[in-house]
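Some notes on the structure that comes next.
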There are 2 protein chains.
Amino acid sequence: MENRVERIKKQLHEQSYKLTPQREATVQVLLENEEDHLSAEDVYLLVKEKAPEIGLATVYRTLELLNELEVVDKINFGDGVSRYDLRKEGASHSHHHLVCIECGAVDEIQEDLLAEVEKIVEKDYQFKVKDHRLTFHGVCHRCQAKVKKNEESAEAASLHTN
Amino acid sequence: MENRVERIKKQLHEQSYKLTPQREATVQVLLENEEDHLSAEDVYLLVKEKAPEIGLATVYRTLELLNELEVVDKINFGDGVSRYDLRKEGASHSHHHLVCIECGAVDEIQEDLLAEVEKIVEKDYQFKVKDHRLTFHGVCHRCQAKVKKNEESAEAASLHTN
DNA sequence: TATAAAAACGATAACCATTCTCATTTTAAA
DNA sequence: TTTAAAATGAGAATGGTTATCGTTTTTATA
Ligand SMILES: [Mn+2]
Ligand SMILES: [Mn+2]
Ligand SMILES: [Zn+2]
Ligand SMILES: [Zn+2]
């Protein structure tokens with residue numbers, strides 16, 4: 001885990017960006033909240049806990065930089081904010097997302113389901129694919145379970161009143 | 001073509017929304033620019049040509065409404081604006097997009113390439129898929145042709161100077 | 001056709017995520 | 001240490017979108 005920060009710092013250094021405590025704290029926060037999809041404001045509040053003097057503009061600048069270095073993906077789920085999603089190390093593109101229209105949860109699919117589709121796109125549309133964004137909107141497994149449970153108890157209640 | 005407007009108007013009426021000239025003009029503009037991906041501002045300027053008294057707020061409200069009726073998809077390509085994309089009639093989900101990182105062009109894929117992938121998502125992730133968003137980022141066929149042409153003329157020039 | 005309530009409208013103020021500006025501080029290499 | 005370039009923090013500015021509110025339009029009903 002610690003290595004991960006070191007490697008990102010190295011990457012910054014290689015591209016002749018300076019290693020500032022603000023940048024390190026921001027990367028730390030992203031690593032510690034890898035499963036979430038934080039907005040710039042979210043990151044700002046979390047970074048402030050370990051580096052209270054940091055400014056919001058610096059957080060934006062750092063996230064922008066990390067996006068250019070392909071350390072994070074800047075994604076947008078249609079609410080009014082950009083979210084910053086850490087890439088798995090060495091991943092060559094953005095992972096897929098499952099957005100629940102019932103509870104708002106965002107789950108991830110780490111396996112690449114688009115290999116075949118990309119072949120078709122390259123062949124049939126002569127488009128050289130560099131990256132992709134794939135998001136499914138629907139009902140998550142938790143909300144499906146909830147509905148099923150409610151249906152069962154409604155049935156049970158109906159048996160009682162008959 | 002004319003039928004398309006009529007059907008959308010009917011759909012509004014069925015859901016007890018009122019049929020106003022502003023809404024009709026907005027739908028007209030969307031139909032006349034089906035291949036584009038217009039922002040609210042874009043739509044506003046185009047609608048003003050045929051209904052100069054219309055307000056920007058009304059355009060936003062109409063686009064929001066059409067999005068709820070699933071007549072348009074509100075999409076976001078990562079520049080700071082929402083874009084409104086007319087659905088093909090009867091289409092049950094959003095079509096795919098090809099965004100060129102060289103020239104910025106946005107091309108469309110109308111065929112559904114995700115049927116197999118969605119089966120996997122439903123089975124392996126117990127996620128009930130209702131809709132999807134799929135965008136590829138890469139180099140469009142026009143830009144690829146341009147690069148190839150440049151390489152050829154560079155080669156030709158090189159032959160001359162030798 | 002006249003009436004009236006609900007819905008929709010236009011103008012514009014407010015909101016708010018993001019970017020820009022600029023004076024000050026920090027970094028990194030010599 | 002010195003120094004130039006890069007980075008930072010505070011807060012102003014920007015710009016897309018939404019909210020407000022008084023007026024107008026629509027549509028159902030009498
Ligand atoms: Mn993610
Ligand atoms: Mn489209
Ligand atoms: Zn859910
Ligand atoms: Zn192109």
Side-chain angles (χ1 to χ4, degrees), chain A residues 8-29 37-69 71-85, chain B residues 8-29 37-69 71-85:
Chain A
I8 294 170
K9 282 170 68 176
K10 196 170 174 183
Q11 209 178 332
L12 278 166
H13 198 244
E14 277 165 5
Q15 314 240 1
S16 61
Y17 291 109
K18 296 187 172 169
L19 302 175
T20 68
Q22 291 90 340
R23 283 174 180 169
E24 176 156 6
T26 303
V27 171
Q28 285 281 3
V29 161
H37 297 91
L38 304 175
S39 67
E41 183 83 24
D42 293 338
V43 174
Y44 173 59
L45 293 175
L46 289 166
V47 176
K48 270 192 106 159
E49 291 174 10
K50 48 182 67 170
E53 75 292 344
I54 200 172
L56 179 57
T58 299
V59 171
Y60 271 102
R61 284 185 287 234
T62 302
L63 291 171
E64 189 61 34
L65 178 58
L66 293 173
N67 184 226
E68 275 160 27
L69 295 178
V71 169
V72 301
D73 288 308
K74 188 175 181 177
I75 57 182
N76 193 299
F77 292 128
D79 54 345
V81 292
S82 292
R83 296 182 179 277
Y84 298 85
D85 202 10
Chain B
I8 293 170
K9 282 170 69 174
K10 197 170 174 185
Q11 208 178 333
L12 278 166
H13 197 245
E14 277 165 5
Q15 315 239 2
S16 62
Y17 290 110
K18 295 186 172 168
L19 303 175
T20 68
Q22 291 90 339
R23 283 173 180 170
E24 176 156 7
T26 303
V27 171
Q28 286 281 4
V29 162
H37 297 91
L38 303 175
S39 67
E41 183 83 25
D42 293 337
V43 174
Y44 174 59
L45 294 174
L46 289 167
V47 176
K48 271 191 104 156
E49 291 174 10
K50 50 182 66 170
E53 75 293 345
I54 200 172
L56 178 58
T58 299
V59 171
Y60 271 101
R61 284 185 287 236
T62 302
L63 291 171
E64 189 61 35
L65 178 59
L66 293 173
N67 184 225
E68 275 160 27
L69 296 178
V71 170
V72 301
D73 288 307
K74 188 175 179 177
I75 57 182
N76 193 301
F77 291 127
D79 54 345
V81 293
S82 293
R83 298 184 177 275
Y84 298 84
D85 202 10

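Computed from a prediction, not measured in an experiment: that's the story for all the values here. Sequence lines set the chain letters: A, B, ... in the order given, protein chains first and strands last, and positions in each chain run from 1.
- The line from NE2 of B:His37 to CG of B:Asp73 is 9.5 Å long, rounded to the nearest 0.5 Å.
- B:Ser82 comes within 4.0 angstrom of sugar-phosphate atoms only, judged by non-hydrogen atoms across all strands, and of no base.
- Using modelled atom types, no side-chain atom of A:Asn76 and backbone atom of A:Ser82 make a donor-acceptor pair closer than 3.5 Å.
- If you measure from atom CZ of B:Arg83 to atom C1' of D:dT17, you get 15 Å, rounded to the nearest angstrom.
- Running 5' to 3' along DNA chain C, contacts with non-hydrogen atoms of chain A at under 4.0 Å begin and end at C:dA17 to C:dA29.
- Between A:Tyr60 atom OH and D:dT14 atom C1' the separation is 13 Å, expressed in whole Å.
- Within the 4.5 Å cutoff, no side-chain heavy atoms of A:Arg23 are placed close to those of A:Lys9.
- More than 12 heavy atoms of other residues, nucleotides or ligands lie within 6.0 Å of NZ in A:Lys50, so this atom counts as buried by the packing criterion.
- Over its full length, the helix from C:dT1-D:dA30 to C:dA30-D:dT1 turns its helical axis through 30°, comparing axes from the five pairs at each end and rounding to 10°.
- Note: CD1 (A:Ile54) to P (D:dT8) measures 7 Å, nearest angstrom.
- Within the 4.5 Å cutoff, the side chain of B:Ile54 has heavy atoms near those of the B:Thr26 side chain.
- Expressed to the nearest 0.5 Å, how far CD of A:Gln15 lies from CG of A:Leu65 amounts to 8.5 Å.
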Close N or O pairs between protein and nucleotides 23-27 of chain D (under 3.5 Å):
from   : atom 1 : to      : atom 2 : distance (Å)
D:dT26 : O2     : B:Lys18 : NZ     : 3.3
D:dT27 : OP1    : B:Leu19 : N      : 3.1

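- A:Leu63 CG to A:Leu38 CG: the interatomic distance, rounded to the nearest 0.5 Å, is 9.0 Å.
- If you take CG of B:Leu65 and P of D:dT18, they are 14 Å apart, rounded to a whole angstrom.
- Residue A:Arg61 is in base contact, counting any heavy-atom pair closer than 4.0 Å across all strands shown.
- Computed from coordinates, the A:Leu56 CG to D:dA12 P distance equals 14 Å when rounded to whole Å.
- When the salt bridge (charged side-chain N to carboxylate O under 4.0 Å, His left out) test is applied to A:Asp42, the partners found at least two apart in sequence or on another chain are A:Arg83.
- In this structure, A:Thr20 has no side chain to side chain donor-acceptor pair (under 3.5 Å) partners at least two apart in sequence or on a different chain.
- Across all strands shown, A:Glu53 has heavy atoms under 4.0 Å from sugar-phosphate atoms exclusively, and none from any base.
- Side-chain atoms of B:Gln22 never come within 3.5 Å of backbone atoms of B:Thr58 as a donor-acceptor pair (strictly under, hydrogens ignored).
- Applying the side-chain contact (heavy atoms from CB on, under 4.5 Å) test to B:Ile8 and every residue at least two apart in sequence or in another chain returns B:Val27, B:Leu66, B:Val71.
- In this structure, B:Ala40 and A:Ala51 both approach DNA chain D, and ranking their closest nucleotides by distance from the 5' end singles out A:Ala51.
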